[in-house]
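Computed over heavy atoms, backbone and side chain alike; hydrogens, waters and symmetry mates excluded.
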Amino acid sequence: MPTILITGAGRGIGLEFARQYGGDGWTVLATLRDPAKAESLLALEGHVAVMPLDVADPASVAILAERLGGTPIDLLINNAGVYGPRSTVLGELDYPAWQTVLTVNTLGPMRVTEAFLNHLRAGAQKKIVTVSSRMGSIAESSGGAYAYRSSKAAVNSVMKGLAAELAPEGFTVALFHPGWVRTDMGGPTAAVAPADSAAGMRAVIDRLGPADSGGFFDHDGTPIPW
């Protein structure tokens with residue numbers, strides 16, 4: 001039975017990943033920042049363990065990594081993320097808020113990956129997936145949303161580098177644009193349901209191998225330009 005660790009699993013796409021992998025018999029290590037908001041996770045069927053994790057807090061990450069010491073993990077999904085300030089009026093940018101977005105969206109996935117690397121080395125699949133965004137594509141950037149765009153462009157670069165470094169060990173590292181999803185971040189008018197986004201990414205993740213490592217994909221598997 002394979003094991004998956006999901007960050008930001010309390011709602012939206014992360015919750016759907018937990019629901020679908022748990023329903024397919026995986027052991028799911030579902031993490032979220034606030035355990036008091038884990039009602040939806042606790043109601044899921046299957047082998048779903050709910051654990052506290054704040055990807056922006058080094059101590060929180062270290063504590064969970066130690067707690068799970070010796071547990072092989074086949075697949076890590078770095079899903080936790082924030083959008084940050086919606087206003088991007090030049091001359092009024094909120095730099096402390098921008099720093100928070102970078103801490104969560106860029107440093108968080110790398111911090112979690114580094115902390116659980118030995119767990120992943122012990123797993124059979126050795127897959128690391130980060131939920132990024134098409135808004136992090138420099139080729140397709142249309143301006144605005146500076147904090148969010150820069151954080152996703154940066155995490156793309158981080159994971160692309162990690163793919164190269166871990167290639168000799170047989171790892172597969174990939175980034176995904178989940179689509180414009182109907183979540184708290186995407187809003188109620190977004191085009192894609194969380195269940196469809198998660199299912200699409202799962203299908204692609206399942207067929208990814210080391211030759212695909214370092215790729216940036218849409219949720220249907222279409223490559224996205226950097």
Side-chain angles (χ1 to χ4, degrees), residues 1-55 61 64-65 67-68 70-81 108-109 112-113 116 119-133 159 171-188 190-209 212-213 215 217-222:
M1 181 182 299
T3 298
I4 180 174
L5 172 65
I6 306 167
T7 69
R11 60 186 181 181
I13 299 169
L15 178 61
E16 277 303 321
F17 274 132
R19 186 192 318 277
Q20 293 182 26
Y21 278 106
D24 279 351
W26 286 55
T27 295
V28 178
L29 309 175
T31 72
L32 73 169
R33 186 173 54 186
D34 185 358
K37 298 180 179 179
E39 294 91 348
S40 297
L41 284 172
L42 293 171
L44 295 181
E45 296 181 358
H47 300 278
V48 180
V50 179
M51 302 177 178
L53 178 66
D54 182 349
V55 303
V61 175
L64 184 58
R67 175 182 172 185
L68 294 174
T71 301
I73 295 174
D74 296 281
L75 169 60
L76 165 64
I77 296 186
N78 290 304
N79 169 72
V112 171
T113 301
F116 288 93
H119 303 72
L120 289 157
R121 285 180 171 127
Q125 296 192 21
K126 295 182 172 61
K127 291 184 177 180
I128 300 167
V129 166
T130 298
V131 177
S132 180
S133 170
M159 292 296 158
F171 273 85
T172 301
V173 182
L175 296 125
F176 280 87
H177 168 62
W180 182 26
V181 186
R182 290 193 294 275
T183 62
D184 290 347
M185 185 184 296
V192 183
D196 294 335
S197 174
M201 287 187 283
R202 284 189 61 215
V204 182
I205 292 167
D206 186 58
R207 63 177 183 261
L208 289 178
D212 305 298
S213 194
F217 305 98
D218 203 338
H219 67 290
D220 62 2
T222 303

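When atom types are taken as modelled, the side chain of Lys126 and the backbone of Arg121 share a donor-acceptor pair closer than 3.5 angstrom. A donor-acceptor contact shorter than 3.5 Å is absent between the side chain of Thr172 and the backbone of Ser213.
With sequence neighbours excluded, the residues that form a ring pair (Phe, Tyr, Trp, His ring centres under 6.0 Å) with Phe217 are Phe176. In terms of the salt bridge (charged side-chain N to carboxylate O under 4.0 Å, His left out) criterion, residue partners of Asp24 (sequence neighbours excluded) are, by chain and number, Arg202. Under the rule for a ring pair (Phe, Tyr, Trp, His ring centres under 6.0 Å), the partners of His119 that lie at least two apart in sequence or sit in another chain are Phe116. Partners of Ala195 according to the side-chain contact (heavy atoms from CB on, under 4.5 Å) rule, which considers only residues two or more places apart in sequence or in another chain, are Glu16, Gln20.
In this structure, CD1 in Ile205 is found 5.5 Å from CG in Leu75, a value given to the nearest 0.5 Å. Note that the CG atom of Leu175 and the OG atom of Ser133 stand 11.0 Å from one another [nearest 0.5 Å]. Taking CG from Asp206 and CE from Met201, the interatomic distance works out to 14.0 Å, rounded to the nearest 0.5 Å.
Residues Arg207 and Gly221 share a closest heavy-atom pair of NH2-CA, 4.4 Å. Taking every heavy atom of both residues into account, Leu68 and Met51 meet most closely at CD2-CE, 3.6 Å. Minimum heavy-atom separation, Thr3 to Pro72: CB-O, 3.6 Å.
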Please set out all donor-acceptor pairs under 3.5 angstrom arising from side-chain atoms of residues 27-50, sequence neighbours excluded.
{"unit_1": "Thr31", "atom_1": "OG1", "unit_2": "Ile6", "atom_2": "O", "d": "2.8"}
{"unit_1": "Asp34", "atom_1": "OD1", "unit_2": "Ala36", "atom_2": "N", "d": "3.0"}

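Annotation: side-chain hydrogen bond (donor to acceptor under 3.5 Å, both in side chains) contacts involving residues 70-80, sequence neighbours excluded, comprise Asn78-Thr113, Asn78-Thr130.
At a threshold of 4.5 Å between non-hydrogen side-chain atoms, the residues Phe171 and Ile128 count as touching. Leu53 places a side-chain heavy atom less than 4.5 Å from the side chain of Thr7.
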